[in-house]
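Working notes for the structure below.
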Amino acid sequence: MTRKIRFCVTCADTRVGQHLRIVGNAPALGNWSPPNGPPLTTSAAEFPLWRTGELLALEETAPLEYKFVICDTEGRPIRWEERPNRILHLSALASSGIISKRGPVALVEGFNMSNNPEDPTRFCGVERESSSSAMNRVRRGSHQYPEREHPPTIERPDAADMFEPTMRERCPSLSMLGNVGPMNRNSSASASLSHFGNLG
């Protein structure tokens, strides 16, 4: 008997060209092979929250062990979580009332963060799995937020600081821009590149 689940994880440790995968002791999780594990995706609006695109059908009765892995574009591992294997036993969680007995489930965790496997704040229905609620669940589940400490929204003018670790590596160099020919430094070109700072 299988149960559909979506994995969500917060991770601000990736760089341009990198992504997350989930790997574990099940065929749906790549049998511990990162290139075969399901990739997680994010967007500028959701970073540092990553999630599996499709619901994964996992065996309910067998305990699952897994980890999140930062990978390159080919799915080769760059950095594994430095913690013991995560454990997920869906039928036991349903029997104890931590998750519903039927229907898809979303699981929300933090990269390298230690969680109690039976902590109910890790789980929610897929329909309630918004980016903001996922981030709140991770913060409530631990006093440590491993990647960065983000102040509450009310204390910062916008969310730009949440994107800093990757955005600062996306500034083009003059060598990259040189491939498109001489730069026309008219007012429109300068305006379009003003957000990258001084490129001259």
Side-chain angles (χ1 to χ4, degrees), residues 1-15 18-43 46-126 128-131 133-142 144-147:
M1 192 77 164
T2 60
R3 183 82 176 266
K4 290 189 175 181
I5 187 165
R6 172 169 286 140
F7 291 88
C8 306
V9 61
T10 58
C11 179
D13 294 350
T14 55
R15 295 296 180 256
Q18 298 175 357
H19 65 281
L20 287 171
R21 289 181 183 245
I22 180 171
V23 293
N25 65 340
L29 301 181
N31 286 323
W32 292 113
S33 172
N36 297 324
L40 287 79
T41 60
T42 189
S43 66
E46 291 191 323
F47 184 85
L49 178 68
W50 299 75
R51 66 181 90 199
T52 50
E54 297 183 0
L55 294 172
L56 303 178
L58 299 174
E59 181 59 46
E60 282 190 294
T61 56
L64 295 168
E65 294 188 25
Y66 64 96
K67 282 188 176 184
F68 296 103
V69 187
I70 297 175
C71 297
D72 64 15
T73 54
E74 304 298 322
R76 293 183 294 256
I78 294 173
R79 178 185 171 193
W80 291 74
E81 286 188 291
E82 298 98 8
R83 51 151 292 153
N85 293 347
R86 297 177 183 272
I87 298 175
L88 182 66
H89 194 177
L90 292 168
S91 61
L93 292 168
S95 297
S96 59
I98 294 173
I99 63 174
S100 61
K101 293 187 181 294
R102 62 180 61 89
V105 176
L107 174 60
V108 183
E109 303 180 283
F111 188 80
N112 262 339
M113 188 178 291
S114 296
N115 300 97
N116 177 353
E118 298 184 355
D119 181 359
T121 64
R122 297 169 66 207
F123 305 94
C124 66
V126 172
R128 298 180 55 199
E129 171 223 343
S130 68
S131 300
S133 67
M135 294 294 292
N136 288 335
R137 284 174 185 276
V138 171
R139 291 193 178 103
R140 282 199 305 268
S142 174
Q144 290 183 321
Y145 189 54
E147 296 89 11

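These values consider heavy atoms only, across backbone and side chains, with no hydrogens, waters or symmetry-generated copies.
Between the side chain of T42 and the main chain of P48, no donor-acceptor pair closer than 3.5 Å is present. Of the possible polar contacts, one joining the W50 side chain to the C11 backbone as a donor-acceptor pair under 3.5 Å is found. Panel note: side chain E118, backbone I98; no donor-acceptor pair is recorded below 3.5 Å. Looking only at distances, no side-chain donor or acceptor of R6 sits under 3.5 Å from a matching main-chain atom of L56.
Heavy atoms only, all atoms of each residue included: G110 and V9 are closest at C-CG2, 3.7 Å. Considering all non-hydrogen atoms of both residues, A12 and R15 come closest at O-NH1, 3.8 Å. Nearest heavy atom pair, residue R3 against residue A94, reads NH1-CB, 4.4 Å. Of all the heavy atoms in L55 and P104, the pair that sits closest is CD1-CB, 4.0 Å.
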Legend entry - Stepwise side-chain contact (heavy atoms from CB on, under 4.5 Å) check, L20 with V69: CA-CA 6 Å; L20 287 171; V69 187; over 6 Å; no

Inset, instruction - Tell me, with the steps shown, if N31 and N36 meet side-chain contact (heavy atoms from CB on, under 4.5 Å). - result: CA-CA 8 Å; N31 286 323; N36 297 324; over 6 Å; no

Inset, instruction - Could you go through the side-chain contact (heavy atoms from CB on, under 4.5 Å) check for F7 and Y66 one step at a time? - result: CA-CA 11 Å; F7 291 88; Y66 64 96; 3.9 Å; yes

Inset, instruction - Evaluate side-chain hydrogen bond (donor to acceptor under 3.5 Å, both in side chains) for D119 paired with T121, printing each intermediate quantity in order. - result: CA-CA 6 Å; D119 181 359; T121 64; 2.8 Å; yes

Inset, instruction - In sequence, state the C-alpha distance, the side-chain angles, and the governing distance for E60 and T2, and then conclude on side-chain contact (heavy atoms from CB on, under 4.5 Å). - result: CA-CA 5 Å; E60 282 190 294; T2 60; 6.0 Å; no

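For the pairing with L88, the side-chain contact (heavy atoms from CB on, under 4.5 Å) check across V105, L107, L29 returns one residue only, L107. Of the residues H19, R21, Q18, the one that meets the side-chain contact (heavy atoms from CB on, under 4.5 Å) test with I70 is Q18.
At least one side-chain heavy atom of I5 sits under 4.5 Å from a side-chain heavy atom of L90. A heavy-atom distance below 4.5 Å is not found between the side chains of R122 and V108.
The line from CG of L93 to OG of S100 is 10.5 Å long, rounded to the nearest 0.5 Å. Within the model, atoms CD of E59 and NE2 of H89 stand 9.0 Å from one another, a figure rounded to the nearest 0.5 Å. Distance check, rounded to the nearest 0.5 Å: CD1 of I22 to SG of C71 gives 11.5 Å. Of the inter-residue distances, the one linking L58 atom CG with L64 atom CG reads 5.5 Å to the nearest 0.5 angstrom.
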Name each donor-acceptor pair under 3.5 Å that joins a side chain in residues 73-84 to protein atoms two or more places apart or in another chain, with its distance.
{"from": "R76", "atom 1": "NE", "to": "D72", "atom 2": "OD2", "distance (Å)": "2.9"}
{"from": "R76", "atom 1": "NH2", "to": "D72", "atom 2": "OD2", "distance (Å)": "3.2"}
{"from": "R79", "atom 1": "NE", "to": "E82", "atom 2": "OE2", "distance (Å)": "3.0"}
{"from": "R79", "atom 1": "NH1", "to": "D13", "atom 2": "OD2", "distance (Å)": "2.8"}
{"from": "R79", "atom 1": "NH2", "to": "E82", "atom 2": "OE1", "distance (Å)": "3.2"}
{"from": "E81", "atom 1": "OE1", "to": "F68", "atom 2": "N", "distance (Å)": "2.9"}
{"from": "E81", "atom 1": "OE1", "to": "R86", "atom 2": "NE", "distance (Å)": "3.0"}
{"from": "E81", "atom 1": "OE2", "to": "R86", "atom 2": "NE", "distance (Å)": "3.4"}
{"from": "E81", "atom 1": "OE2", "to": "R86", "atom 2": "NH2", "distance (Å)": "2.6"}
{"from": "E81", "atom 1": "OE2", "to": "N112", "atom 2": "N", "distance (Å)": "2.7"}
{"from": "E82", "atom 1": "OE1", "to": "N112", "atom 2": "ND2", "distance (Å)": "2.5"}
{"from": "R83", "atom 1": "NH1", "to": "M113", "atom 2": "O", "distance (Å)": "2.6"}

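Side-chain contact annotation: T52 with E54, donor-acceptor N/O pair under 3.5 Å absent.
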